[in-house]
Structures are given as structure tokens and as C-alpha cells.
Amino acid sequence: MHTEGSNPQSAIRNPQSRDFIRTIIAEDLKNNKHGGRVTTRFPPEPNGFLHIGHAKSICLNFGVALENNGVCHLRFDDTNPSKEEIAYVESIKKDVKWLGFDWGDNLFFASDYFEQLYDYAVQLIKMGKAYVCSLSAEEIREYRGTLTEPGRESPFRNRSLEENLDLFTRMRAGEFADGTHVLRAKIDMSSGNINMRDPVLYRILHASHHRTGDKWCLYPMYDYTHPISDAIEKITHSLCTLEFEDHRPFYDWLLDTLQTPAHPQQIEFARLNLTYTVMSKRKLLKLVNEKRVSGWDDPRMLTISGLRRRGYTPAAMRSFCDTIGLAKRESRVDMGVLENAIRNDLNDTAPRAMAVLRPLKVVITNYPQEQEEELEIDNHPKNPEMGKRQVTFCREIYIEQDDFLEEPPKKFFRLAPGREVRLRAAYLITCDKVVKDEQSGKIIELHCTYDPASRGGSSPDGRKVKGTLHWVSARHAISAEVRLYDRLFNVENPEADKETSFMSHLNSNSLLPLTDCRLEPGLAAAGVNDRFQFERLGYFCLDSVDTAPARPVFNRTVTLRDSWEKIGKNA
RNA sequence: UGGGGUGUCGUCAAGCGGUAAGACACAGGCCUUUGACGCCUGCAUUCGUAGGUUCGAAUCCUACCACCCCAGCCA
């Protein structure tokens with residue numbers, strides 16, 4: 001990757017603004033609970049792409065480590081070979097790096113611990129704390145009881161140590177078919193917490209693993225793997241989402257029973273939800289598989305890769321994660337907060353440019369046919385260090401169709417017949433004539449006259465000209481495709497109604513490709529990581545996938561705030 | 001009917017017994033060669049409800065109510 005995401009220091013939060021997890025950690029540090037050490041981990045399963053919800057967890061885990069001189073491990077929770085792929089681990093690494101975080105040497109895989117995990121299981125069996133259960137999956141479910149009724153003990157619960165050991169060894173050796181036996185912890189079938197009703201530790205899976213190949217046909221379950229992996233890595237604080245709160249008693253039971261050298265503390269927080277989108281990997285995968293989006297990195301997807309392609313910056317993502325806070329209550333953050341984060345960043349950092357998305361030709365009738373002139377324009381209104389550039393003006397230009405109205409409503413201060421407006425950094429022009437297609441009545445072009453004394457856009461006699469339009473030279477502009485994106489779903493919470501699939505709430509207008517846009521020529525030199533503000537329109541970046549030589553495609557990252565649109569809506 | 005959680009502005013979110021931060025959104029106004037940006041102002045006498053303790057409660061106690069999660073050999 002390039003360098004833009006490589007400033008982890010900027011991820012450090014204001015220490016004054018503390019959430020409950022940072023408060024706990026500060027307290028632990030004060031009490032020297034883990035020997036004054038903070039070690040966290042980000043533990044994705046490589047079965048899909050990372051999304052913005054993961055970004056919250058990444059910023060938390062790496063952020064907390066950074067703030068406390070600790071380290072954060074990147075550990076892949078790869079215990080289910082049937083769902084996991086090496087391609088996903090690569091994309092995950094890329095995304096974490098891009099966000100600006102560095103795991104250094106601390107790259108781990110749960111699959112690296114398979115041997116140790118197995119040894120611990122043997123130890124559990126020897127302690128009489130685990131047994132091989134030969135009930136079928138359905139039977140196990142029946143024996144488990146319900147939420148309100150206790151479960152029943154498996155008839156295999158009291159197998160002898162020797163038999164358990166023998167069976168477990170043979171399970172590993174591949175003597176049994178999938179589903180015939182599992183290893184279970186022996187805890188309490190009557191516990192109110194279903195996770196304590198003799199949870200399954202190992203299942204037989206004759207599947208090839210992306211890292212261990214065919215070495216194993218026995219794979220450990222998440223609940224068993226995670227605490228031990230944390231302990232092996234001497235994690236101090238194991239931060240996860242709310243749904244694992246019920247699993248914590250088992251987490252603690254396991255590490256207490258095994259007397260592992262370290263006993264990390266699991267703390268749960270609420271996962272991120274955003275309005276107008278879905279967040280689960282399963283649902284994102286469905287969108288990809290059913291071709292409702294172009295892929296995991298479709299710019300409308302709130303995956304890290306989608307947001308990257310859309311033009312979001314790592315800094316904006318971090319700032320967003322900072323803004324939303326951290327708590328235990330379930331919530332849904334307004335999409336506007338995310339948009340605010342990227343606008344804030346890009347407002348400061350993106351050079352300005354002019355682009356006309358829906359061109360309307362304007363002929364300046366009193367401007368000499370052959371004449372052309374270079375006009376100078378600031379690349380940024382507030383930051384002179386970003387320099388200036390030249391744009392060429394001539395007799396034929398394009399303006400935005402939206403910027404002209406034959407019958408302007410009140411408060412519309414753009415172009416209209418007889419009206420004068422300013423062309424940004426160029427001249428004041430007045431509309432004299434509207435040329436229409438005789439057949440359709442469609443406006444073809446505008447004839448205007450310019451005031452030669454207004455070069456640069458100044459008003460020579462101090463007359464008030466309220467409207468300023470962006471424009472592009474018809475002779476010099478380059479052509480490009482510009483893709484306008486809107487929210488992927490048309491309701492705030494696509495998952496609200498359990499009877500209706502979230503898929504039925506897809507916004508059919510979430511992608512609007514405009515194929516004949518005119519851009520100022522300088523934009524031809526844009527690179528994939530460049531971001532621009534197209535004045536009065538929004539922030540845009542070159543599409544990293546579909547751009548071809550001499551055929552640029554720009555993505556709209558986000559619009560500018562538009563109070564004119566608001567006036568229209570309220571009217 | 002079991003177990004685990006959570007309830008503070010429209011949306012997030014601080015607050016941890018001393019009299020409701022901040023952000024987004026929203027509404028006005030100023031500024032403006034981007035109707036952008038920036039700036040100013042307003043926006044919870046009230047913290048799920050009801051009682052109680054206290055000089056004083058969002059913070060402590062009691063009861064109730066609402067919502068979320070858990071019955072994968074997924075993570």
C-alpha cells in the first residue's frame with residue numbers, strides 16, 4: 001500500500017475522553033493487574049471481508065494498545081476450514097494495514113495452536129472434565145434442553161478415562177466419519193446458561209484447511225479455541241461484542257480449569273450498526289453472491305475495501321470510530337456521522353477542481369471565436385500551500401444543467417434568462433437567449449454575453465452577483481464517467497422487519513452512472529489515491545477498478561452539504 | 001417460565017451523590033468568487049416508570065416496565 005494510512009499515532013485518542021473499556025484498563029494498569037502490560041488482539045475469522053464494524057474493533061484494540069504502550073496482535077480465528085479462505089486473510093491484512101495499524105511480528109493463527117489445543121483437550125479428559133459424546137447432532141440438541149428447561153446428561157457422559165482417551169485419539173487419527181463423535185466439556189447440563197451445558201469442544205471435519213492442509217480431521221470450536229489462544233498469547237484484555245457475554249462463564253471456566261499461565265479478561269461492547277445499511281458478513285456475502293453489488297469492494301458496500309474504493313481515507317475512518325464512542329447499549333449510528341467524518345477530512349485535504357456532470361453548452365457571443373486565455377485559480381480556498389493552477393477559458397463552455405432554469409423560483413440565484421452570474425474565477429456572464437430544439441423543446445444551448453471588465457470573476461463596479469457557477473471549457477475539457485452513489489438501502493433499518501427480507505429494501509437508485517461528464521483537463525493526471533473536491537458538487541476519486549487509460553471513471557465519495565436542496569425540500 | 005445484558009436530547013454519547021459535556025441532525029443569523037468551508041445563537045428544569053434514602057440523586061435502595069442476546073458439531 002501507499003503511505004497514507006501509515007500514521008498510527010494519529011489514532012491515539014484524547015486520553016480525557018474515556019469509554020468504559022479504557023476506564024477498566026486504566027484501573028487495571030493502576031493496580032498492576034497484568035504486570036502493567038496491555039496486550040489486545042483483533043481476531044477475525046477469514047471467511048469474508050472486513051467492514052466498518054470491524055474498523056470499530058480494530059481502532060479499539062490497536063488504539064488501546066498504542067495508548068498504553070502495549071501491543072495488539074492480529075490473530076486469525078481459523079477453526080472452521082469449510083468457510084475460510086486464504087484470499088480472505090490477505091484482504092484482512094491489507095485492510096488493517098490500510099487503516100493505519102501495525103501488528104509488527106504479532107501475526108498469529110489459531111491453527112498454529114492446534115497441537116497445543118489438542119494437548120489441553122487431552123488434559124481436560126484426564127481431569128475428567130471432558131468426554132467423547134457419540135450422540136448425533138440432533139440428539140445433542142434434544143438433550144440440551146431449552147431456554148427454560150434444563151438439559152439431560154448424555155448417556156456417554158460417564159465413559160471411562162481410558163475410553164475417552166482412546167476414542168479421542170482415534171478421532172484425530174481419522175477413524176470416524178464426520179458427525180459421529182464430538183468432544184464435550186463436562187460442566188452442568190442444568191445450567192441456566194446454555195453455554196455451560198457440556199459445550200462441544202471438538203468436532204470431526206474431514207476438510208482441508210487453508211493452512212494445515214489435511215493434517216487434521218478434528219477441529220476445535222471457537223468457544224474452546226478463543227480463550228486458550230488468548231492465554232497462549234498472554235492477551236490481557238480480550239475485547240469482543242455483546243453476544244459473547246453469555247460465553248464468558250465458559251471462557252473463565254476453561255482457563256481456570258486448565259490453570260493456564262495467563263487468564264485474560266474478556267470485556268464485551270456493542271457492535272456498530274449504521275442506518276441505511278446492513279453489517280453482517282452473511283448479509284454482505286448475500287449481496288455479493290446475488291450480484292446486487294459488483295463485489296465486496298463495490299463502493300456502496302460499507303466494507304473497508306468498498307469504502308476505500310469509494311474514496312474514504314483511513315484518517316476519516318479512524319475519526320469516525322472515535323466519534324461514535326463505545327458502550328454496551330445497542331444502537332444505530334446515523335450514516336450522516338460517517339459522511340461528516342469524510343467531509344471534514346477531505347475539506348482540508350482535497351484540492352478543488354471543476355467538473356460538469358450534466359453539461360449544458362454556453363456560447364459567449366461577445367467573446368472572440370479564436371481567443372483563449374489562461375485563468376489562475378486556487379487549488380484550495382483556505383490553504384495557499386496547495387498552490388494554484390491554470391484553467392483555459394474560451395467562447396464555448398459547459399455549465400451544469402441544474403444551474404440554469406428558464407423560470408427560476410424565489411431564492412434561485414443561478415442562471416436564468418436575463419440574469420447575471422459569475423463563472424468561478426472567470427467572468428460575469430448574462431444570459432441573453434435560450435436555444436431550444438424545435439421538435440422536443442429541449443434546451444440545447446445558452447447564448448450569453450460576458451463583461452470583459454470582470455476578469456477573474458470580480459465585479460468591477462461593485463454590483464452584487466450572488467450566484468457563482470463552476471464551468472469547464474468545451475474545447476479543452478476531458479470526458480469521463482462519473483458514478484454517483486446513494487445509500488444502498490432505502491430504509492433506516494433494513495433488518496427491522498423480520499417478516500421481510502432486508503433485500504427487499506435495496507435502493508434501486510444507489511448507483512447512477514453519468515457517462516458524458518466534462519472535467520477540467522488537469523484531472524486527466526489523477527491517480528488512484530488522489531481525491532478531489534469537484535466544486536459545488538462533492539468529493540470524488542478515481543475508481544481503482546474500472547478506470548482505463550484515457551477513459552477515467554470517478555466515484556463520488558460524498559456530496560457537499562447542500563442547503564439549496566434543503567430549501568427545495570422544505571418548500 | 002431459565003440465563004445474560006441494556007435503558008440520559010431526533011441519533012450516537014459523557015456523567016460514577018453536588019445540581020445534565022460533546023458530536024451528528026435540526027432551526028435561525030453572519031460571512032462567502034464553492035448556496036461549500038468558517039463563525040455566532042438556539043436545541044434534555046430532565047436522565048424507562050413509580051416509590052424510597054439524602055440538605056442534595058441520572059448517579060444509592062426497592063419494585064415494576066420496555067428492549068436486546070442465548071437452545072450451531074458457526075464465529
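Residue numbers begin at 1 in each chain, while the letters A, B, ... track the order of the sequences.
For G52(B), the O4'-C1' to base torsion is more than 90° from 0; the nucleotide is therefore anti.
Within residues 374-384 of chain A, the residues that have a heavy atom under 4.0 Å from RNA chain B are, in order of number, Pro381(A), Lys382(A). Of the residues in residues 195-210 of chain A, those placing a heavy atom less than 4.0 Å from an atom of RNA chain B are Val200(A), Arg203(A), in numerical order.
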Inset, instruction - Go through Arg75(A) and Asp230(A) one step at a time and tell me if the salt bridge (Lys or Arg N to Asp or Glu O under 4.0 Å) criterion holds. - result: CA-CA 9 Å; Arg75(A) 180 173 73 233; Asp230(A) 281 348; 2.6 Å; yes
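Distances shown here put a side-chain N or O of Arg329(A) below 4.0 Å from the OP1 or OP2 atom of A13(B). Of the side-chain N and O atoms in Arg536(A), none sit less than 4.0 angstrom from OP1 or OP2 of U33(B).
Using a 4.0 Å heavy-atom distance criterion, Leu147(A) is classed as a base contact.
Among U33(B), C12(B), C74(B), the nucleotide with an atom closest to any side-chain atom of Arg424(A) is U33(B).
Every side chain to side chain donor-acceptor pair (under 3.5 Å) that Asn61(A) has, sequence neighbours left out, goes to Ser57(A).
The distance between the ring centers of Phe76(A) and Phe108(A) does not fall below 6.0 angstrom.
Where Asp562(A) and Lys56(A) each meet RNA chain B at their nearest nucleotide, the meeting point lying more 5' is that of Lys56(A). Mapping Asp178(A) and Phe20(A) onto RNA chain B by nearest heavy atom places Phe20(A) at the nucleotide closer to the 5' end.
Judged by the 6.0 Å and 45° rule, Arg152(A) forms a cation-pi pair with Tyr143(A).
In this structure, the CZ atom of Arg248(A) is 16 Å from the P atom of G3(B), given to the nearest Å. In this entry the distance linking CZ of Phe168(A) with P of C73(B) reads 16 Å, nearest Å. Rounded to whole Å, the distance from CZ on Arg22(A) to P on A14(B) is 11 Å.
Using a cutoff of 4.0 Å between basic side-chain nitrogens and carboxylate oxygens, Lys30(A) and Glu27(A) are scored as salt-bridged.
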